[in-house]
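One structure below.
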Amino acid sequence: MTAPSRHPDSAAPRGISVVVVGAGPAGLTVGSILRAAGVGCLVLETATREVVEHRPRAGVIEEWAVRGLARRGLARTLLERAQAHTECEFRFAGERYRFGYTGLTGRHHFVHPQQFLVTDLVREYADVRGGEIRFGVRDVRLHGTGSARPAVSYVCPDSGERRVVEADFVAGCDGARGVTRASLPAGRVRLARHDYGVGWLALLAEAPPSSDCVVFGMHPRGFAGHMARSPEVTRYYLQCPPGDSPENWPHERVWAELRERLGAAGAPPLAEGRLIEKRVLDMHSYVVEPMAFGRLFLAGDAAHLTAPIAAKGLNLALHDAFLLGDGLVAALTKGDDSALAGYSDACLARVWDYQEFSQWLAEMYHGTASGDPYRAGAALARLRRLFSSPAAAAEFAERYLGVRTTG
C-alpha cells in the first residue's frame, strides 16, 4: 500500500536527480538533506509506511549525531522527547560499578527508539519538505550504475506495472539484505566479515525499567543487558548460542536468567512483565570496501553491519547520510564532486574505528562465559581497569560516546 502523503504514486516522476533506495534513517536523512537544498529525489521502500514507522530497533544516538540532525532541522521532536543518559552500570563478580561517562567527557548519549526517529524523518521528508516516496514497492532493480545516467526500476504495488526512474545518482540505503549491495560488481569490492560466535536473545518487556541507566551484566552463564526504552517498556539482551530459537526461551526461563546474570549486591529486583518481542541475533559484522561504485553510493547497513554490541549501527548510518547528503548537494548544485570522491574513505575511517571498538567490547562482555579461563581472566582484567585507571576510563568513555574518532 502506498503511504498517504501529498504526493500520490504516479508514473516515473520528473526532475529526479537522486533515487534513494530504502526508507530507514540513512535514506530518509539523505532525502531530507536533498529536499532542503531543492534537489529532486525519490525514495523507494519495499515495506509499508506503517511497518517502517513501527518496527522496533535500537535507539542509542551519540551526541555528535544529534547535533548533525539538529543542524539539518531534523531533531526537533528528538530533542523534546529523548532521554539523556550520562552513566551506565557494569555488574560482574557479584558487584555493581557505576561508570559516569559524562563526568569524564562532558558528553552524553540520547536514547530515542529508532522507530520514533524514522517516523519523524518520514514526516519531515514527505509531508513537510515535499519529497517523493513510494512505499510497498516490489522487485527493485538497479541498471547502469557505472554509467553517467543510472536507473532504478520497481514494480508498483497498486498497478503491478514495472516503472523505471533515471537519475544522476543512486543512494543505496536498503540495509543488509537489500538489492543495492548485491548490485555491486563481483571482483570490484571487498567484503570483510567477522563472526563473534555468540548470539543475543533480544527481548522487549512490557515492564518499567529496573534501573535509571543502561546495565551490562558479565556473568559465567553469559552476558545480559538492560536498556530502558520508555517508562513502560524495557529492552533486555541475553547471550545465547548462535542460531538458537526463541522458542527455547519461555517466559520463566528468560526472567530466571535475567535475575541471575544481572544480580549483584544491592541491586534492586527486576520489574518483570509480558515479553512482547523475542528474537535471536547472531553476532556478526561486515564491511564493504569501497562504499561507492560509479554513480551508486552505499550508506548504513547496506555498506557495513556492526553487531549491536556497542550500539554503533544507527550512528554510523547517520554519519554516512550526513556525508552523502552533503556531497550530493555539492555535486548537483555547485558542480563540486570532491566530497563524493572522498566519501568512501571518509566513512570507512569511522566504520573501522567503531568495528574495532565493538570487537574489543565483545571480548569484555563474553569472555567470562567463554569457558576459557584465560579469556575469562583477561575480560575481568579489562573490567577492573576501567575502575582503577583514570586513563583507561577516559579512553573507554570517549570511544563509547564516539567523542574522539577518525572520520
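Legend: residues meeting ring pair (Phe, Tyr, Trp, His ring centres under 6.0 Å) with His219, ordered by chain and number and at least two apart, are absent. Listed by chain and number, the residues in a ring pair (Phe, Tyr, Trp, His ring centres under 6.0 Å) with His109 are Tyr101, Tyr400 (sequence neighbours excluded). Scanning for ring pair (Phe, Tyr, Trp, His ring centres under 6.0 Å) contacts around His194 gives Tyr196, with sequence neighbours left out. Every ring pair (Phe, Tyr, Trp, His ring centres under 6.0 Å) that Phe216 has, sequence neighbours left out, goes to Phe90, Tyr365. Arg229 meets the salt bridge (charged side-chain N to carboxylate O under 4.0 Å, His left out) test with no other residue; sequence neighbours excluded.
Sorted by first and then second residue, the pairs that involve residues 330-340 and meet side chain to side chain donor-acceptor pair (under 3.5 Å), not counting sequence neighbours, are Asp336-Ser338. Legend: salt bridge (Lys or Arg N to Asp or Glu O under 4.0 Å) pairs involving residues 232-244, not counting sequence neighbours, sorted by first then second residue: Arg235-Glu277. For residues 274-301, the ring-ring contact (aromatic ring centres under 6.0 Å, His included) pairs, not counting sequence neighbours, are Phe297-Tyr343. A side chain to side chain donor-acceptor pair (under 3.5 Å) check over residues 31-46, counting only residues at least two apart or in different chains, returns nothing. Applying the salt bridge (Lys or Arg N to Asp or Glu O under 4.0 Å) test to residues at least two apart or on different chains, the pairs with a partner in residues 174-190 are Arg190-Glu289. Screening residues 251-264 for salt bridge (Lys or Arg N to Asp or Glu O under 4.0 Å), with sequence neighbours left out, gives Arg221-Glu257, Glu257-Arg261, Arg259-Glu272. Among residues at least two apart or in separate chains, salt bridge (Lys or Arg N to Asp or Glu O under 4.0 Å) pairs with a member in residues 206-216 are Arg98-Asp212, Glu206-Arg274.
By the 30° and 60° cut-offs, the orientation of the rings of His226 relative to Tyr236 is perpendicular.
Put simply, the side chain of Asp320 reaches to within 4.5 Å of the side chain of Met291, judged on heavy atoms. Side-chain contact check for Leu340 versus Phe169: some heavy-atom pair is nearer than 4.5 Å. Contact of the Val118 side chain with the Gln115 side chain is not registered, since no non-hydrogen atoms from C-beta on lie closer than 4.5 Å. A heavy-atom distance below 4.5 Å is not found between the side chains of Asp139 and Tyr154.
The pair Arg399-Glu356 meets the salt-bridge criterion, with a side-chain N (NZ, NE, NH1 or NH2) lying under 4.0 Å from an Asp/Glu carboxylate O.
Applying the 6.0 Å contact sphere to CZ of Arg55 captures more than 12 heavy atoms from other residues, nucleotides or ligands. Residue Arg81 qualifies as open at atom CZ: its count of foreign heavy atoms under 6.0 Å is 12 or below.
A donor-acceptor contact shorter than 3.5 Å is absent between the side chain of Ser17 and the backbone of Val39.
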*Audit row: Asp120, Arg123, salt bridge (charged side-chain N to carboxylate O under 4.0 Å, His left out) steps and yes/no*: CA-CA 5 Å; Asp120 297 341; Arg123 185 180 302 114; 3.6 Å; yes
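If you check the side chains of Ser153 and Arg162, you find a donor sitting under 3.5 Å from an acceptor.
Relative to the ring axis of Trp64, Arg350 places its NZ or CZ within 45° and under 6.0 Å from the centre.
With Glu62 as the partner, the side chain to side chain donor-acceptor pair (under 3.5 Å) test is satisfied by one option alone out of Lys312, Arg107, His319: Lys312.
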